[in-house]
Amino acid sequence: MTGNVLVGQSGGPTAVINSSLAGVFKTAKDLGAGKVYGMLYGIQGLLDEKYIDLGEKLHSELEIELLKRTPSSYLGSCRYKLPDYDSQPEIYETLFNTFNKLNIQYFFYIGGNDSMDTIKKLSDYGTAHQSEIRFIGVPKTIDNDLEITDHTPGYGSAAKFIGATTKEIIRDSLVYDQKNVTIIEIMGRNVGWLTGAAALSEGVDCGGPDLIYLPETDFSMEDFLERTARLQAHKKSLVIAISEGIHLKDGRYVCELTEDRKYVDGFGHTMLNGAANILAQRAAREIGCKTRAIELNTLQRCASHMASLVDIKEAFLAGAAGVRAADEGKSGEMIILKRTSGDSKACKSIYECSTDTFDIHKIANMEKKVPLEWIDLTNNKVTKDFVDYARPLIGDELSPIMVEGLPRHIEYVI
Ligand code: F6P
């Protein structure tokens with residue numbers, strides 16, 4: 001590898017996104033790259049010339065190990081939509097001037113479907129202007145909604161946290177001999193991969209959630225109240241998992257059924273929180289029992305103490321594979337994860353995963369939903385196929401490095 005590397009993190013963070021950063025940094029250095037620069041606050045920060053030389057921060061194997069086990073985006077992040085070239089060519093000129101000034105030959109962006117739009121636009125611009133810089137996307141998102149890849153780094157750890165936390169909430173909910181309903185609100189925007197992971201809690205020691213509502217289908221308030229009341233006739237304590245993105249037939253998100261103003265980000269995404277509270281209030285009013293709303297919120301994406309070892313390893317692998325792909329001359333592609341141990345129903349004991357690359361144009365801006373055949377609409381649950389798909393991804397643990405009883409993280413750069 002000759003020349004310098006530029007890497008950034010974008011979109012919502014995860015518990016293992018820094019493991020991908022470590023994979024990019026270490027592999028680039030091992031392959032002989034010059035400097036490895038990290039953009040601060042993604043492409044938006046780079047437009048303001050915010051970047052660091054990662055080589056000045058990561059000196060030892062221990063620091064790389066700490067980085068891998070530190071949640072959230074070490075370099076900071078953004079939700080910035082790169083404008084089309086035709087509307088603002090000066091943005092591209094500014095960015096490419098910075099690339100040239102820093103002698104960048106390789107550009108890596110660790111992110112989800114919106115962030116892959118940035119890779120697509122930059123690589124298209126680069127191709128049209130005979131630039132030799134190689135642009136590679138490294139997948140990341142707890143939502144697990146990137147097309148083509150079997151799953152995304154970040155999902156496994158969030159799913160593990162959700163499965164474990166749901167188990168604990170169910171235990172807690174059983175203590176009183178009194179009717180109660182607990183609603184757990186789970187992230188994932190318009191896809192239900194994370195909410196379905198609540199079903200991982202089911203086993204010999206736990207019955208799992210009583211109802212699971214994914215955003216792949218329309219939500220009916222009447223049906224929800226009727227089912228909840230019916231279930232409660234023979235089970236006092238109910239735990240219900242809902243996606244933050246559940247919506248009515250007319251398209252309105254349940255979380256929008258309130259007077260509160262909702263924040264909208266740079267990609268036009270409404271901040272989706274509050275649905276559990278709305279449902280808990282309706283259930284309390286109409287069923288007349290104690291209710292509780294639990295928003296897992298950012299806890300589910302920053303719980304590095306509950307990270308999946310499979311996920312940490314794959315996140316590192318994805319970063320490393322990105323660097324190798326760029327070194328081999330690829331550009332305008334994203335790293336994908338492939339289950340090599342049979343189809344997606346493969347059981348944990350034979351789960352294996354490898355990497356490949358795929359054309360970014362067929363991935364950027366798209367949303368992969370949970371297949372309808374993996375949703376049990378009759379009982380409001382997910383099917384065994386869903387659980388078989390998700391279970392291997394939460395496998396094994398890598399404890400944080402503990403100091404004075406708490407996880408030790410790498411020092412801030414932002
Ligand atoms: O992109 C992943 C995600 O965690 C979604 O599940 C969630 O809706 C969103 O990010 C929240 O983003 P932010 O932290 O920018 O509000």
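These numbers come from the heavy atoms of this one structure, side chains and all, not from hydrogens, waters or symmetry mates. Ligands are counted one by one from 1 in listed order, and the atoms in each one are counted from 1 as well. Every value quoted in this text rests on a predicted model; they were computed, and no experiment measured them.
For ligand 1 and Glu244, the ligand atoms under 4.0 Å from any heavy atom of the residue are 5 (C), 6 (O), 7 (C), 8 (O). Within ligand 1, the atoms closer than 4.0 Å to a non-hydrogen atom of Ile142 are 4 (O), numbered from 1 in the order shown.
For the ligand labelled ligand 1, residue Leu272 lies outside the 4.0 Å heavy-atom shell.
Side-chain atoms of Glu202 never come within 3.5 Å of backbone atoms of Ala199 as a donor-acceptor pair (strictly under, hydrogens ignored). The backbone N or O of Cys78 lies less than 3.5 Å from no partner atom in the side chain of Gln44, so there is not a single donor-acceptor pair. His269 places no side-chain N or O within 3.5 Å of a backbone atom of Asp265 that could act as its donor or acceptor partner.
Distances from atom 12 (O) of ligand 1 to the heavy atoms of Met187, Gln300, Arg79 show the closest one on Arg79.
Lys120 NZ: more than 12 foreign heavy atoms inside a 6.0 Å radius.
A salt bridge is absent between Arg171 and Glu168: the closest approach of a Lys/Arg side-chain nitrogen to an acidic carboxylate oxygen does not fall below 4.0 angstrom.
Between Gly188 and ligand 1, an N or O atom pair is found at a separation short of 3.5 Å.
In this structure, atom 16 (O) of ligand 1 is not in close contact with the protein, since no protein heavy atom lies within 4.0 Å of it.
The protein heavy-atom contact nearest to atom 6 (O) of ligand 1 is Asp143 OD1, 2.6 Å. The protein heavy atom nearest to atom 14 (O) of ligand 1 is Arg301 NH2, 2.7 Å.
In this structure, the side chain to side chain contact (heavy atoms under 4.5 Å, CB included) partners of Lys235, at least two apart in sequence or on a different chain, are Asp210, Leu238.
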